[in-house]
Novice: 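Below you'll find the structure I mean.
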Amino acid sequence: MDDPSETLHFATPQEVLARSDQRLVDVIDTLLDAGVVLRGELWLTVADIELVFVGVDLVLASPDRMQGVGDQDARNLQPSARPRVSA
Amino acid sequence: MRATCSPARARAFRPEMFALGVTRAGAVATEPLRVRPIAKRLALLSAPTDAVPDAGMRLRRLLDFHKTNPEVIPFALRDTMREEEAEHQALKQTEFLERNLRIAAENIEIYATFDHGSPVLSLPDEDVTGRVWLAARSAKHSAYQDAVKRAELWFRALCDECAATSLAGKPGRHGFSVAAQVRWSTFKAIKRQLRFASERYAPPAGLVRPPLLTGPWPLFTTLQAAPHP
């Protein structure tokens, strides 16, 4: 830790955006991805009549993260994939 | 003479809006950002699509807003989300968002990013048996998980002195990040400690370089903890 460049300090968000350091790219990647929810919908149709609808909501998070969430606040968090089927 | 315009025609001329996050009703945004109330204490923060053409620009606009309006919870910024869809989503979890907006007023997120090799192995060579490859893969994953745990403990130790809430690590392309939500006043204290006592915070065992610390950020990880609508 003698090298001044290795001294711990905070880079501001503006510094992160202005630089293209590989490590900073990771930070921005993480920030942009935070809270991602994927949504998929599927309709099965015969002769223009909708027979089956399947909706899938998928929350993307690491298992550790989900575990942490369970320990903290969101006790009513649903399973990560929740198929809804209606006919 | 009064000009008239059908609702459909008006919609056609209205620029498409992209939602950046939620904020408190009554917050003031500068052009091109717009705050539109959707509930008693909740509003959508959005911008015309052409003013925020890419994820980097969306992040910049959001950070500008956060400087003067700390009560903001960002949506994921990588993909565009139309205002109507965002409103639909936000109204499903109004109570959660309003509660977390109050938290956002006094809290920020900080990140520690650590260098580490990817735990993903390339496909096995022809002369490597499946058993050997699987063993190597397992060892690499274990080493990665150990490193993440050590990093979390290190970050927790740094923040615990100020009673922060530590969050789990998240993998990136060149390493992984650990996020913590801390109070504004705590952030100032951590910065002061780092300035005068960096040697106390040597990188955890097995991680060669000190972590890259960044912040203050808006509460990006909040929506990951949201109850599923």
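Chain A is the first sequence line, chain B the second, and so forth, proteins listed ahead of strands; every chain is numbered from 1. Being a predicted model, the structure only gives us computed values, none of them experimental.
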Novice: Less than 4.5 Å apart, side chain to side chain, heavy atoms only: is that true for B:Thr214 and A:Leu24?
Specialist: yes

Novice: Is the shortest heavy-atom distance from the side chain of A:Leu17 to the side chain of B:Leu63 under 4.5 Å?
Specialist: yes

Novice: Using heavy-atom distances under 4.5 Å, tell me whether B:Pro216 contacts chain A through its side chain, its backbone, both, or neither.
Specialist: both

Novice: What residue in B:Ala55, B:Pro218, B:Gly215 has the most heavy-atom pairs under 4.5 Å with chain A?
Specialist: B:Gly215

Novice: Between A:Val27, A:Asp21, A:Thr12, A:Ile28, which has the largest tally of heavy atom pairs under 4.5 Å with chain B?
Specialist: A:Val27

Novice: Between atom CZ of B:Arg58 and atom CG of A:Leu32, what is the distance when rounded to the nearest 0.5 Å?
Specialist: 8.0 Å

Novice: For B:Phe176 and A:Asp26, what are the C-alpha separation, side-chain angles and deciding distance, and is it a side-chain contact (heavy atoms from CB on, under 4.5 Å)?
Specialist: CA-CA 8 Å; B:Phe176 55 85; A:Asp26 266 354; over 6 Å; no

Novice: I want to check something: taking the side chain as every heavy atom from C-beta on, are A:Arg23 and B:Asp115 in contact at a cut-off of under 4.5 Å?
Specialist: yes

Novice: Can you check whether B:Leu212 reaches A:Phe10 side chain to side chain, under 4.5 Å on heavy atoms?
Specialist: no

Novice: Against chain A, label B:Arg60 side chain, backbone, both or neither, depending on which of its atoms sit under 4.5 Å from a heavy atom there.
Specialist: both

